[in-house]
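The structure under discussion appears below in the form of C-alpha cells.
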Amino acid sequence: MDTVFALVDCNNFYASCERVFDPRLAKLPVVVLSNNDGCIIARSNEAKAAGIRMGEPFFEQQDLIDRHNIQVFSANFTLYGDMSNRVMETLKQFSPQMEIYSIDEAFLTLSGTTGDLESCAREIRRTVRKWTGIPVSIGLGLTKTLAKAANRFAKRIPECDGILDLSLNPAVDDYLEQLEVGDIWGVGFRYAKLLNRHGIHNALQLATRPDAWIKKNMTVTGLRTVTELRGTTCIRLEHFARPKKAVLTSRSFGQLIRDRTQLSQAVAEFTAASAEKVRRQRSAAAFVHVFIETSSFRDESQYRNFVTVGLPTATGHTPVLIKYAGRALEKIFKTGYNYKRAGVMLSGLVPDSQVQLDLESDQKKHRQKQAIMQAVDKINLSQGRNTVFYAAQGVDKPWKMRQLKLSPRYTTSWADLPVAKA
DNA sequence: TCTGGGGTCCTAGGACCC
DNA sequence: TCTGGGGTCCTAGGACCC
C-alpha cells in the first residue's frame, strides 16, 4: 500500500468548456481569448496543430485563424468557473484528500498498489468525462512535483491515453531525463536559462546536483523542487483553501479613457468587485491600493502610478472602500493621458470577526452595514453580477471590456439555457 | 484599430533599536 | 577621525504558478 499524489488536469480547459455545449465544435479548432479579446489563452489540440501560439495577441494571428477556420471565443469566466466546480465536485467522490490547485487542476491522494492506481485513475477520467463532458489527464507520482511531471507525459504521449503512473515506475529516471528543466513545476524561464548556462538541461541532471549548489542558485524553493524530483515529499497537500492575503481586480479598457469621471467610475467598479471577493472569504481590508496606466504599446506619452491608502479600521463595506479608492485615485490622476488600464487591490486582510470596534454604536452600525452587504451579495449571486450596484460605478461604462465573441452562460443564466430540439 | 488577469513566496538591503 | 555586534521589521524586486 502506498499513498501517491495524483494531479488531475483538464485538457485545454476553456476550449473544452466551449465544446461541451456546442457539439458542432467537436472536430473544429477552437481558441479562447483573454479579457478584452486581447490574447489567446486557450487552444484546442487542433488549434495547437495549426500553429496558433499561446499568449500571442489575437489580431496578430487573425490570418492563421481565418485560414484554418478556427472558432474564436471571448473568455466566459462565469461558464468556466461553474464547469470547474462540477469537475471538482466529481473528483471529490474519489478521494477525501483533495486540493483544488487552480481552475482546471486538482491534486488528490490515492492509496493502492501499482495496478490498482492506474485503473483508479482511468475510472476518474471516465467519470469526469461522463458527468461533465470535460476531458482530463492524470499524472501519478510520489510527490506533487513528480505527479505534475507525469501529467505532462500523460498529455503528450498518445499511448498513455491520458494516464501515467510514475509512483513506483522503474523507468522514472528515463522520464526525468526526457523532461526539460523549464518544464519542471517550479522552474520558470529565468531559472531554466541559468541552469542551461551551467550545462543542466533535464530534470535528471538537476536532481543529481548537490543541495548546496541548488540552494545557492535557486533558494530554498528550488531545493524543495529538487528534493521532490528525487521522490521525497516537501510540498504538502493543502486540503483547505487558505484565505488570500490580498485581492486584486484590474482590467484593460475596451476603449481608452481620458475623462476623470469615467476613470473614477471604473475604479469604483473594480473596488466593488474586490470588496465582494474580500467578503466572500469573510475578511475585511485595511489598505486600498489603486493603480492606473496608459498603454505601453502606443506611441504616445506614457504614465503609470500606484498609490496606497490606509483605512482607519479594516472593512469589507463597499461604499467605504469606494470612498477611499476615490481619494487614492485623486492622488495619482493626471489630465491629458489616454488611460488603458486600472486596478484596485485590497490588502491587510483580517478575519471579519477580528475587526476592532470600540463603541457600542459602532457595533450596531457595523452589523447594519454587514447586513446590507450580505443582501447585495446574495442578490448579485443569484441574479447576476452588478444587478445591484453603486451609483459611483456609473451606468454607461464606455470603458467596458470588449467581448465580441462571448458564448452564452449556458449553466448559470436562465436566459442562456440551451434548448434541446426534438 | 486590436497586446490578459490574479496570485504566492523568498531574499537582500536599509532603517531602526539596544 | 576612528567606529561593535546583534536583532527585528519593512520594502522592493525577483522568482514562480495558473
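Numbered from 1 within each chain, the chains take letters A, B, ... in sequence-line order.
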Query - Along DNA chain B (nearest heavy atom to each residue), the more 5'-positioned of Val247(A) and Gly55(A) - result: Gly55(A)

Report task. Name the residue closer to the 5' end of DNA chain B, choosing between Arg298(A) and Pro243(A) according to the nucleotide with the nearest heavy atom. Result -> Arg298(A)

Scan the side chains in residues 202-210 of chain A for donor-acceptor partners under 3.5 Å anywhere in the protein, sequence neighbours excluded, and list what turns up.
residue, atom, partner, partner atom, Å
Asn202(A), OD1, Leu204(A), N, 3.0
Asn202(A), OD1, Gln205(A), N, 2.8
Gln205(A), OE1, His201(A), N, 2.5
Gln205(A), OE1, Asn202(A), N, 3.0
Thr208(A), OG1, Leu204(A), O, 3.1
Thr208(A), OG1, Gln205(A), O, 2.9

Report summary line: Those residues at least two apart in sequence (or on a different chain) that pass salt bridge (charged side-chain N to carboxylate O under 4.0 Å, His left out) with Arg125(A) are Asp161(A)

Query - For Arg24(A), salt bridge (charged side-chain N to carboxylate O under 4.0 Å, His left out) partners two or more places apart - result: Asp22(A)

Which residues in [range] have a heavy atom closer than 4.0 Å to any atom of DNA chain C?
{"range": "residues 88-103 of chain A", "result": "Tyr101(A), Ser102(A)"}
{"range": "residues 176-200 of chain A", "result": "Ile184(A), Trp185(A), Gly186(A), Val187(A), Gly188(A), Phe189(A), Arg190(A), Tyr191(A)"}
{"range": "residues 270-297 of chain A", "result": "none"}

Report task. Any chance you could lay out the ring pair (Phe, Tyr, Trp, His ring centres under 6.0 Å) test for Tyr175(A) and Phe153(A), step after step, and finish with the verdict? Result -> CA-CA 8 Å; Tyr175(A) 282 100; Phe153(A) 291 113; 5.1 Å; yes

Any base atoms under 4.0 Å from [X], or only sugar-phosphate, or nothing? Heavy atoms, all strands.
{"X": "Gln62(A)", "answer": "nothing"}
{"X": "Ala75(A)", "answer": "nothing"}
{"X": "Asp37(A)", "answer": "nothing"}

Could you tell me whether [X] and [Y] have a side-chain N and a carboxylate O separated by less than 4.0 Å?
{"X": "Glu46(A)", "Y": "Arg19(A)", "result": "yes"}
{"X": "Lys148(A)", "Y": "Glu105(A)", "result": "yes"}
{"X": "Arg86(A)", "Y": "Glu89(A)", "result": "no"}

Report summary line: Residue pairs passing the ring-ring contact (aromatic ring centres under 6.0 Å, His included) test with at least one member in residues 26-70 of chain A, sequence neighbours excluded, are none

Report task. List the atom of Phe291(A), the atom of Ser250(A), and the distance in Å for their closest heavy-atom pair. Result -> CZ-CB, 3.7 Å

Query raised in the report: If you take all heavy atoms of Leu311(A) and Phe287(A), which pair is closest and at what distance?
Result: CD1-N, 3.7 Å

**Report entry** Side chains of Leu33(A) and Val72(A) in contact at under 4.5 Å (non-hydrogen atoms)
**Finding:** yes

May I have the list of side-chain donor-acceptor pairs in residues 320-333 of chain A shorter than 3.5 Å, sequence neighbours left out?
residue, atom, partner, partner atom, Å
Glu330(A), OE1, Arg260(A), NH1, 2.6
Glu330(A), OE2, Arg260(A), NH1, 3.4

Query raised in the report: If you walk 5' to 3' along DNA chain B, what is the first nucleotide with an atom under 4.0 Å of a heavy atom in chain A, and what is the last?
Result: dC2(B) to dT11(B)

Which side-chain N or O atoms in residues 178-185 of chain A pair as donor and acceptor under 3.5 Å with protein atoms at least two apart or in another chain?
residue, atom, partner, partner atom, Å
Asp183(A), OD1, Arg152(A), NH2, 3.4
Trp185(A), NE1, Tyr101(A), OH, 3.2

Query raised in the report: For Arg409(A), which residues count as a side chain to side chain contact (heavy atoms under 4.5 Å, CB included) partner, sequence neighbours excluded?
Result: Asn76(A), Thr78(A), Thr412(A), Ser413(A), Asp416(A)

Query raised in the report: Should we count NZ of Lys277(A) as having more than 12 external heavy atoms under 6.0 Å?
Result: yes

Report task. Run the numbers on Glu123(A) and Arg126(A) for salt bridge (charged side-chain N to carboxylate O under 4.0 Å, His left out), then give the verdict. Result -> CA-CA 5 Å; Glu123(A) 178 61 21; Arg126(A) 253 197 312 276; 2.8 Å; yes

Query raised in the report: If we take the C1' atom in both dC17(C) and dG4(B), what is their distance in whole Å?
Result: 16 Å

Query raised in the report: How would DNA chain C look in dot-bracket form, 5' to 3', counting Watson-Crick and G-U wobble pairs with both distances under 3.5 Å and writing | for bases paired to another strand?
Result: ....||||||||||||||

